[in-house]
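Here the structure comes first, spelled out in structure tokens, and everything after it is commentary.
Every chain is numbered from 1, with letters handed out A, B, ... down the list of sequences.
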Protein chains: 2
Amino acid sequence: MSNKPSSKTSATPSKPTDFEEALEKYREHLKRKRLLFTRERIAILEEVMARHDHFSVEELHDSLKAAGKKVSRATLYRNLDSLKEAGILAEVDLGNRHVQYEHVLGHGHHFHLVCEDDGAVVEDSSAEIEKLLEALARKHNLDLTHFKLQIFGTRRRK
Amino acid sequence: MSNKPSSKTSATPSKPTDFEEALEKYREHLKRKRLLFTRERIAILEEVMARHDHFSVEELHDSLKAAGKKVSRATLYRNLDSLKEAGILAEVDLGNRHVQYEHVLGHGHHFHLVCEDDGAVVEDSSAEIEKLLEALARKHNLDLTHFKLQIFGTRRRK
DNA sequence: GTTGCTGCAAACCCTTTGCATAGGA
DNA sequence: TCCTATGCAAAGGGTTTGCAGCAAC
């Protein structure tokens, strides 16, 4: 698919980067939904995958501008949903009263711990919890697709 | 505090209703914060405790109006925070793109399962999960204050 | 060539704020 | 009485939308 020189030999399609994986995933999603594969959508995807933090729409728009890619705010907003539906982008609630995002690929299910003293955010994951959540979903006759979990706490005094 | 006839004898302060408990809690919170105990704040508290579902600010405003209590939207917004701080009201994210609330008293920690097929919401709780979350918080040097957990899934085909 | 996408700017909606007045303590 | 809270209406900020031109397929 990609002809970018990713390693010395091109014999085996050596492990694709997260971006390449996302690109392929997005391309398929767009095709399935009969949406066009436009340069703007690719630019947005690139920036989403380039950022490894939590970002607002405004910050993403700034990133794009900084990278020399002109994508209007309207187009940005219009395409966030398809990125979410494609399983590439996820909303994050950090309790700070504005929507933030993070990319999903290369991360897998995880959740956020937020320190209420200073707003610091850490990520973590737990197979044990996931297993419990799946059981809970099943109990209510659901197949778990995803979950959102935020743990809020104050700094522990020893 | 309240002289409303809650039972035959007034010998022992028999189990207070959720509303009475919330009222007391709120009164103390307001005093601690040096905020006034106004009729509007009481009216809002009443409605919050009267609703046993998830509601938006707009819906709460409608409830108040329907109950014959005139509270302006501005006042409503201005007082949501103190209700949250008092531990009476909590925000709920049901993945439907607008803030909703629920009252906390008489419910305790719980979480929401959301069906992606039709948006149906169920509540549940799990001591096991809470224990894990506390351990996780501790691991990151936090004292857990609260958590938000939403489980999304599609209806299970047997 | 057709159809859907983008950019622009205006519209929208929810929430916050300034100011004069009302009402707790 | 003093000072905060309220109501109103206007402002604010983030998100959506209508329309004309442009770019995928």
Side-chain angles (χ1 to χ4, degrees), chain A residues 1 23 26-48 54-65 67-86 89-101, chain B residues 1 23-24 26-48 54-65 67-86 89 91-101:
Chain A
M1 251 84 257
L23 185 63
Y26 197 30
R27 187 202 296 279
E28 274 159 30
H29 176 80
L30 293 175
K31 180 177 291 181
R32 201 168 345 109
K33 295 277 186 170
R34 292 166 207 283
L35 299 171
L36 300 186
F37 194 64
T38 65
R39 80 185 60 172
E40 287 83 359
R41 298 217 239 244
I42 300 169
I44 295 170
L45 178 67
E46 254 171 22
E47 277 314 301
V48 163
H54 303 119
F55 50 86
S56 65
V57 176
E58 193 55 33
E59 289 165 341
L60 185 57
H61 190 240
D62 289 346
S63 293
L64 282 160
K65 207 179 304 180
K69 295 159 187 154
K70 285 192 256 306
V71 175
S72 74
R73 231 178 298 269
T75 294
L76 195 45
Y77 278 107
R78 278 192 273 240
N79 285 301
L80 291 177
D81 282 335
S82 70
L83 281 166
K84 282 195 276 182
E85 285 166 18
L89 189 66
E91 278 185 22
V92 188
D93 176 4
L94 269 15
N96 54 8
R97 206 172 272 274
H98 66 273
V99 187
Q100 291 190 283
Y101 295 89
Chain B
M1 253 80 264
L23 186 63
E24 206 39 49
Y26 198 29
R27 188 202 294 280
E28 275 159 30
H29 176 80
L30 293 175
K31 181 178 289 180
R32 203 170 340 111
K33 294 278 187 167
R34 290 167 209 283
L35 299 171
L36 300 186
F37 194 63
T38 66
R39 81 185 58 173
E40 287 84 358
R41 297 215 240 243
I42 298 168
I44 295 170
L45 178 67
E46 254 171 24
E47 277 314 301
V48 162
H54 304 119
F55 50 86
S56 65
V57 176
E58 193 54 34
E59 289 165 342
L60 185 56
H61 190 240
D62 290 346
S63 293
L64 281 160
K65 208 179 302 179
K69 297 160 186 152
K70 284 191 256 306
V71 175
S72 73
R73 232 176 296 269
T75 295
L76 194 45
Y77 278 107
R78 279 191 272 239
N79 285 301
L80 291 177
D81 282 335
S82 69
L83 281 167
K84 282 193 276 179
E85 285 166 20
L89 189 65
E91 278 185 21
V92 188
D93 175 2
L94 269 16
N96 55 8
R97 207 174 272 274
H98 65 274
V99 187
Q100 291 191 283
Y101 296 89

Using atom [atom1] of [X] as one end and atom [atom2] of [N] as the other, report the distance to the nearest whole Å.
X: B:Leu76; N: C:dC14; atom1: CG; atom2: C1'; value: 12 Å
X: A:Leu64; N: C:dT6; atom1: CG; atom2: P; value: 12 Å
X: B:Leu80; N: C:dC14; atom1: CG; atom2: P; value: 14 Å

Taking side-chain hydrogen bond (donor to acceptor under 3.5 Å, both in side chains) as the test, write out the residues that go with [X], two or more places apart.
X: A:Glu28; result: none
X: B:Asp62; result: none
X: B:Glu85; result: none
X: B:Gln100; result: B:Asn96

| note | Comparing B:Arg73 with B:Arg34, nearest DNA chain D nucleotide closer to 5' gives the residue B:Arg34
| query | Hey, does the side chain of B:His54 reach the backbone of B:Asp93 with a donor-acceptor pair shorter than 3.5 angstrom? | reply |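 Here the side-chain-to-backbone pair does not exist.
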| Is the backbone N or O of A:Ser56 less than 3.5 Å from a side-chain atom of A:His61, with the two atoms forming a donor-acceptor pair by type? |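 It does not hold such a pair.
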| B:Tyr77 side chain near B:Val57 side chain, heavy-atom distance below 4.5 Å |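 B:Tyr77 vs B:Val57: side chains touch.
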| said: As a test of understanding, state which of B:Val48, B:Thr75, B:Leu76 forms a side-chain contact (heavy atoms from CB on, under 4.5 Å) with B:Leu64. | reply: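 Single side-chain contact (heavy atoms from CB on, under 4.5 Å) partner of B:Leu64 among B:Val48, B:Thr75, B:Leu76: B:Leu76.
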| query | What is the nucleic acid contact for B:Asp81, judged by heavy atoms within less than 4.0 Å: base, sugar-phosphate only, or nothing? | reply |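 The residue B:Asp81 makes no contact with any strand.
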| request: Heavy atoms under 4.0 Å is the rule here; annotate nucleotides 18-25 of chain C 5' to 3' with B where the base is hit, S where only the sugar-phosphate is, and - elsewhere. | output: B-----SS
| Can you list the residues that meet the side chain to side chain contact (heavy atoms under 4.5 Å, CB included) rule with B:Phe37, with sequence neighbours excluded? |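 Side chain to side chain contact (heavy atoms under 4.5 Å, CB included) check on B:Phe37 returns B:Leu23, B:Arg27, B:Leu30, B:Ile42.
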| message | Which residues pass the side chain to side chain contact (heavy atoms under 4.5 Å, CB included) test with B:Lys70, not counting sequence neighbours? | response |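 Applying side chain to side chain contact (heavy atoms under 4.5 Å, CB included) to B:Lys70 gives none.
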| request: Apply side chain to side chain contact (heavy atoms under 4.5 Å, CB included) to the pair A:Leu83 and A:Tyr26, showing each step before the final yes or no. | output: CA-CA 7 Å; A:Leu83 281 166; A:Tyr26 197 30; 3.7 Å; yes
| remark: Min and max contacting nt of DNA chain D in 5' to 3' order, chain A heavy atoms within under 4.0 angstrom, are D:dG14 to D:dC25
| query | Bend across the helix from C:dG1-D:dC25 to C:dA25-D:dT1, to 10°, with axes taken over 5 pairs at each end? | reply | 40°
| query | Quick one: side-chain hydrogen bond (donor to acceptor under 3.5 Å, both in side chains) pairs with a partner in residues 31-43 of chain B, sequence neighbours left out? | reply |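 Applying side-chain hydrogen bond (donor to acceptor under 3.5 Å, both in side chains) to every pair that reaches into residues 31-43 of chain B, excluding sequence neighbours, yields B:Arg41-B:Asn79.
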| said: Does anything in residues 91-101 of chain A come within less than 4.0 Å of DNA chain C? Heavy atoms only, and list the residues if so. | reply: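 Close to the strand are A:Arg97.
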| request: Just jot down the salt bridge (Lys or Arg N to Asp or Glu O under 4.0 Å) partners of A:Lys69, sequence neighbours excluded, or say none. | output: A:Glu46, A:Glu47
